[in-house]
Every structure is written in structure tokens, then in C-alpha cells.
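Reviewing the structure listed below.
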Amino acid sequence: MTNSNDIIFAQALDCYVEIEYTNKKLSSIRFVKSGEGLKERKTQDFTFELERYFQGEKIGFSCGFDISHLSQFTQKVLVETGKIGYGKTSTYSQLAKNIGGLGARAVGGALARNPIPIVIPCHRVVAKNGIGGYSAGVGIKTRLLELEKSKANNL
DNA sequence: AGCAGGTTTAGCG
DNA sequence: CGCTAAACCTGCT
């Protein structure tokens with residue numbers, strides 16, 4: 001199998017984003033704080049889509065990604081999360097209820113295991129009172145929400 | 001079996 | 001209103 005990764009700089013987040021592909025399919029995304037030696041590198045189509053997203057364009061990602069190694073439950077949560085529209089937010093409990101009355105914490109756990117933020121908009125899932133948590137850092141989450149909120153208003 | 005995690009809700013001061 | 005405590009559910013050791 002072939003592995004490759006692209007890197008883009010997300011100005012809105014003030015950090016780099018590393019995108020990893022396995023067999024030309026998206027396998028993981030991770031945030032890298034501005035470090036030296038990082039150079040942007042764009043080889044896959046999806047990388048450009050993601051770049052446009054960070055520039056504030058409202059685009060949906062429907063590119064193929066592989067989460068088959070995750071548990072059934074986790075996949076369910078991720079899929080459900082993917083249904084949340086641009087600029088909208090949901091809560092852990094709401095999502096839990098949506099899937100079938102399970103624990104909100106379990107949902108949080110599933111999102112924490114989410115290998116690909118953004119594509120699976122885990123940042124749109126917040127706690128009932130306030131912002132929740134975020135594996136990659138709440139700061140990132142907040143900025144993503146701000147980005148989407150400003151664009152959604154300008155609809 | 002036990003523990004921890006991106007929560008929630010109820011109870012108390 | 002803000003804080004603590006107990007309850008929910010899944011994944012990992």
C-alpha cells in the first residue's frame with residue numbers, strides 16, 4: 001500500500017495541517033503548530049478542497065476515507081456527526097439520543113478517536129453548557145467554529 | 001474487572 | 001449562580 005502526506009497552512013487556525021493518505025484515500029488529519037521546516041505540499045485533490053475550506057469556502061467533503069478499523073459504535077457516531085451542516089452545532093447528548101439513547105460520554109469518546117477532524121466535523125459538537133473539549137485542542141475548535149459562524153452569517 | 005474520557009444532571013450552599 | 005457528586009456508555013489494559 002502507498003502512503004503519502006500533504007501539508008497546508010491554515011491561516012484561520014494559525015497552524016499547519018498535515019493530511020495523510022493511504023492508498024490515495026484520506027486516513028488521518030492532524031494539526032501541527034507553526035514549526036520551522038514545514039513546507040506546504042499538495043499532491044492530492046482533497047488537499048486543495050481542505051485548503052479552500054480553511055479560506056472560508058463552504059464546501060462539503062465527500063471524499064472517501066477509511067474508518068473501518070474503528071468500532072461499530074464509533075463509526076456510527078462519526079457518520080451521525082457528519083450530518084451536521086455547515087455553521088450548525090449539536091451537543092453530545094443530542095447526538096447520543098439521535099443514535100439510540102446511549103451515553104453522552106460515549107459520544108465524546110468516539111469523537112476523541114476521530115482520526116479526521118474537519119471532514120468529520122467533530123468541532124461542531126459542543127457540550128450542552130458551553131464549549132466542550134477537543135482532542136486537538138479547544139483553541140482549534142473555537143477557531144473553526146468562528147470561521148464557520150462568520151461565513152454562515154454571510155450566507 | 002477496573003479506569004478514564006471532548007458529558008450530563010441533580011443536589012447544596 | 002457556581003461547585004461537587006453520581007450516573008451513563010464505550011474502549012483499553
Side-chain angles (χ1 to χ4, degrees), chain A residues 1 3 5-23 25-35 38 46-47 49-153:
Chain A
M1 81 168 156
N3 258 334
N5 23 333
D6 283 6
I7 293 183
I8 63 177
F9 181 73
Q11 199 162 15
L13 303 182
D14 191 41
C15 76
Y16 286 86
V17 180
E18 187 176 348
I19 310 136
E20 189 172 326
Y21 296 93
T22 301
N23 291 330
K25 279 192 179 178
L26 187 59
S27 60
S28 77
I29 290 180
R30 68 178 188 136
F31 299 98
V32 184
K33 52 187 171 187
S34 305
L38 278 181
F46 172 74
T47 300
E49 285 187 27
L50 195 62
E51 187 176 40
R52 282 196 282 151
Y53 169 85
F54 282 126
Q55 286 167 0
E57 225 176 287
K58 290 192 316 176
I59 60 178
F61 316 106
S62 53
C63 76
F65 50 86
D66 187 27
I67 54 175
S68 56
H69 58 99
L70 298 172
S71 76
Q72 189 77 40
F73 167 77
T74 304
Q75 292 187 41
K76 216 168 176 179
V77 173
L78 297 187
V79 168
E80 199 63 28
T81 303
K83 294 181 184 171
I84 305 174
Y86 190 106
K88 292 190 198 167
T89 57
S90 187
T91 64
Y92 300 97
S93 60
Q94 181 59 52
L95 214 62
K97 195 183 292 181
N98 236 340
I99 293 178
L102 22 83
R105 296 201 72 168
V107 174
L111 291 174
R113 271 164 238 134
N114 173 21
I116 42 185
I118 316 297
V119 180
I120 291 177
C122 48
H123 59 277
R124 294 184 193 144
V125 184
V126 298
K128 211 170 183 186
N129 326 3
I131 194 110
Y134 199 59
S135 354
V138 183
I140 302 275
K141 181 176 187 173
T142 310
R143 293 197 183 217
L144 285 171
L145 288 173
E146 295 279 327
L147 173 68
E148 295 197 356
K149 193 175 67 177
S150 61
K151 294 301 170 185
N153 277 339

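Here is the naming used below: chain letters follow the sequence lines, and residue numbers restart at 1 for every chain. Basis for what follows: all heavy atoms, side chains included, without hydrogens, waters or symmetry-related copies. Only a predicted model underlies this, so the values are computations on that prediction, with no experimental measurement involved.
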> Contact class for A/S135 (heavy atom, under 4.0 Å): base, sugar-phosphate, or nothing?
Replying inline: base

>> What is the separation between atom NE2 on A/H69 and atom P on C/dC12, rounded to the nearest whole Å?
In response: 11 Å

>> Under 4.0 Å, counting only non-hydrogen atoms across every strand here, what does A/G133 touch: a base, just sugar-phosphate, or nothing?
In response: base

>> Any side-chain N or O of A/K141 below 4.0 angstrom from OP1/OP2 of B/dG6?
In response: no

> With a 6.0 Å cut-off on ring centres, are A/F46 and A/F65 close enough?
Replying inline: no

> CD of A/Q75 to CD1 of A/I120: how many Å apart, nearest 0.5 Å?
Replying inline: 9.0 Å

> Counting side-chain heavy atoms from C-beta on, which of C/dC8, C/dT10, B/dG6 comes nearest to A/A106?
Replying inline: C/dT10

>> What's the gap between B/dG6 and C/dA7 when it is taken at their P atoms, as a whole Å value?
In response: 22 Å

> Does any donor atom in the side chain of A/Y21 or A/T47 lie under 3.5 Å from an acceptor atom in the other side chain?
Replying inline: yes

> Which is true for A/G137 with a 4.0 Å heavy-atom rule: it touches a base, it touches only sugar-phosphate, or it touches nothing?
Replying inline: nothing

>> From OH of A/Y134 over to P of B/dG5, roughly how many Å is that when rounded to an integer?
In response: 19 Å

> Side-chain donor or acceptor of A/S71 under 3.5 Å from a matching atom on the base of C/dG11?
Replying inline: no

> Taking atom P of C/dC9 as reference, at what distance in whole Å does atom NZ of A/K76 sit?
Replying inline: 14 Å

> At under 4.0 Å, does any side-chain N or O of A/T74 touch on OP1 or OP2 of C/dG11?
Replying inline: yes

> Under a 4.5 Å cut-off applied to non-hydrogen side-chain atoms, are A/I8 and A/D6 in contact?
Replying inline: no

> NA contact type, A/V125, heavy-atom cut-off 4.0 Å: base, sugar-phosphate, or nothing?
Replying inline: base

> Is there a salt bridge (Lys or Arg N to Asp or Glu O under 4.0 Å) between A/K83 and A/E80 once you walk through the steps?
Replying inline: CA-CA 5 Å; A/K83 294 181 184 171; A/E80 199 63 28; 3.5 Å; yes

> Does A/Q55 offer a backbone N or O that forms a donor-acceptor pair with the side chain of A/Q11 under 3.5 Å?
Replying inline: no

>> With a 4.5 Å cut-off on side-chain heavy atoms, are A/S135 and A/N114 touching?
In response: no

> Nearest of B/dT8, C/dG11, C/dA7 to any side-chain atom of A/R105?
Replying inline: C/dA7

> Which range-with-range stems can be found for DNA chain B when each stem has 3 or more Watson-Crick or G-U pairs in a row and both distances sit under 3.5 Å?
Replying inline: B:1-5 with C:9-13, B:7-13 with C:1-7

> So what does A/A112 touch, heavy atoms closer than 4.0 Å: a base, only the sugar-phosphate, or nothing?
Replying inline: base

>> Heavy atoms only, 4.0 Å cut-off, all strands: where does A/L111 land among base, sugar-phosphate and nothing?
In response: base

> Looking across every strand, which nucleic acid part, if any, lies under 4.0 Å from A/F73 by heavy atom: base, sugar-phosphate, or nothing?
Replying inline: sugar-phosphate

>> Taking the minimum atom-to-atom distance to the side chain of A/A104, which one of C/dG11, B/dT8, B/dG6 wins?
In response: B/dT8

